[in-house]
Amino acid sequence: MRQETLAVHAGRTGLRSAGVHASPIDLSTTYPLSDMEAGGEALQALAEGAPTASTPVYGRLYNPTVGRFEEGLAQLEGAQAAVAFASGMAAITALLMIARGHGEHVVAVRPLYGGSDHLLSAGLCGLPVTWARPEEVADKVTEKTAFVLCETPANPTLALIDIEQIVRDSGDVPVVVDSTFATPILQNPLRLGARLVVHSATKFLGGHGDVMGGVVAGCESLCAELRSLRAVTGAVLHPLAGYLLHRGLQTLSVRVRTQQAGARIIAERLAENPHVRRVYYPGFGSESDRKILQRQMAGPGSLIAFELDGGREAASRMMSAVRLALPAVSLGATDTLIQHPAALTHRIVEEEVRSRHAVSGALLRVSVGLEHPEDLWQDLQQALSRAHSDPPVSMRRTA
Ligand SMILES: *Cc1c(COP(=O)(O)O)cnc(C)c1O
């Protein structure tokens with residue numbers, strides 16, 4: 001079946017025979033055990049990473065509502081299985097914790113989401129990290145590499161990384177792709193040879209800015225390790241969040257495509273605006289970027305980054321001048337969000353690393369929502385004009 005159909009139907013088996021339309025929300029933290037021995041066996045199986053058992057036993061081991069979301073996402077990614085977590089960072093933390101059983105270091109390709117960059121740099125998960133540019137992966141990978149971690153489109157400049165090339169350069173080492181910006185509608189890293197794909201489900205999968213979650217999809221054996229780790233460390237997805245994320249999948253394809261159509265228009269107008277120095281949008285870059293886009297994505301998505309004339313001052317004025325767009329971190333919601341990476345999402349990343357990856361003070365990132373592109377453009381245009389005519393924020397403060 002095609003993505004649009006899977007988005008609506010995946011994870012809904014058994015609903016019809018149960019006589020319901022919407023999937024039931026199971027809030028149980030514990031489950032009645034009719035037989036002690038069978039209960040013990042189920043507990044052990046789930047703790048060791050089995051996908052299901054005769055009873056969930058306890059809410060930290062398994063939840064059927066969350067299971068439906070996992071099933072839906074796995075099908076959209078063409079994966080054997082998926083494992084959901086309390087947030088995207090919980091999912092990435094779990095990946096790094098299982099990495100310890102697979103090698104002595106991870107190779108991480110910059111730029112990454114600020115939180116992932118910080119988690120890796122801080123060494124909180126115990127494994128040393130070897131940083132690499134995409135073209136350095138082959139040199140940095142050794143027999144002792146547990147995973148190669150990359151993100152594409154990357155945050156916040158929407159740089160594209162050639163997943164198939166990274167897979168080739170990594171040899172036998174599993175490649176993990178953070179595909180949050182692309183969603184399974186625009187990109188399926190597993191079909192390009194990656195072993196695992198991770199999403200911050202908080203963004204497009206939930207899609208309405210009202211649920212946090214994370215999910216990893218891939219082969220059953222690595223998913224079993226992740227389930228087993230999740231059972232011990234406890235960063236489970238709440239069943240209500242599981243329900244909302246599963247519901248979010250049903251409209252994922254329409255949201256992603258409509259937001260993308262709006263973003264194309266906004267990106268083109270930004271590129272023509274005299275106050276905008278540079279627009280970062282997949283497909284606007286080099287010839288090689290356009291080729292990667294064509295090969296591995298079904299479209300450029302709905303995130304745009306752009307650099308203003310007038311540096312950080314102008315960027316800050318634009319953030320305060322928008323009326324329809326919301327100045328807020330995060331992305332993938334139904335409404336348009338605008339944020340300043342250097343001051344916000346990438347604040348935690350070392351200054352030197354930020355500037356190497358074009359995260360300047362003049363850079364803003366927009367996540368285009370479902371508004372009519374003309375209304376949104378009107379707002380961005382007036383904010384751009386005000387950013388360049390209003391007195392600087394620092395002067396206003398003293399006035
Ligand atoms: C938001 C985000 C994360 C972290 O996810 P949370 O759900 O906020 O924990 C990881 N990677 C990318 C690309 C993100 O945008």
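Only heavy atoms go into these numbers, but all of them, side chains included; no hydrogens, no water, no symmetry mates. Just follow the structure's listing: the first ligand is 1, and inside any ligand the first atom is 1. What you see is a predicted model; the values in this text were computed from it and never measured.
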| remark: The closest protein heavy-atom partner of atom 5 (O) of ligand 1 is S200 OG, 3.0 Å
| remark: Judged by heavy atoms only, the candidate from E151, K203, H199, M212 nearest atom 13 (C) of ligand 1 is E151
| Under 3.5 Å, side chain of D379 to main-chain N/O of R323, donor-acceptor pair present? | yes
| field | Electrostatic pair K291-E164, nearest N-O below 4.0 angstrom | value | no
| query | Relative to the heavy atoms of G88, which atoms of ligand 1 are at a distance of less than 4.0 Å? | reply | 5 (O), 6 (P), 7 (O), 9 (O)
| query | Using 4.0 Å as the upper bound for N to carboxylate O, is an ion pair formed by R295 and D162? | reply | yes
| query | Is a side-chain donor or acceptor of R110 paired with a backbone partner of C150 at a separation under 3.5 angstrom? | reply | no
| said: So, 4.0 Å and heavy atoms of S330: is ligand 1 close enough to count as a contact? | reply: no
| request: Please work out which of T180, N155, D178, D117 has its closest non-hydrogen atom nearest to atom 11 (N) of ligand 1. | output: D178
| G213 heavy atoms, cut-off 4.0 Å: which ligand 1 atoms fall inside? | 7 (O)
| query | Any idea which protein heavy atom is nearest atom 9 (O) of ligand 1, and the distance to it? | reply | M89 N, 2.8 Å
| Should the pair E71-R68 be classified as a salt bridge under the 4.0 Å nitrogen-to-oxygen rule? | no
| query | To which protein heavy atom is atom 4 (C) of ligand 1 closest, and what is the distance rounded to 0.1 Å? | reply | Y113 CE2, 3.4 Å
| request: Quick one: look up the protein heavy atom nearest atom 7 (O) of ligand 1 and list residue, atom name and how far away it is. | output: T202 OG1, 2.7 Å
| Is any side-chain N of the basic residue among E135 and K140 closer than 4.0 Å to the acidic one's carboxylate O? | no
| NZ/NE/NH1/NH2 to OD/OE distance under 4.0 Å, R269 and E374 | yes
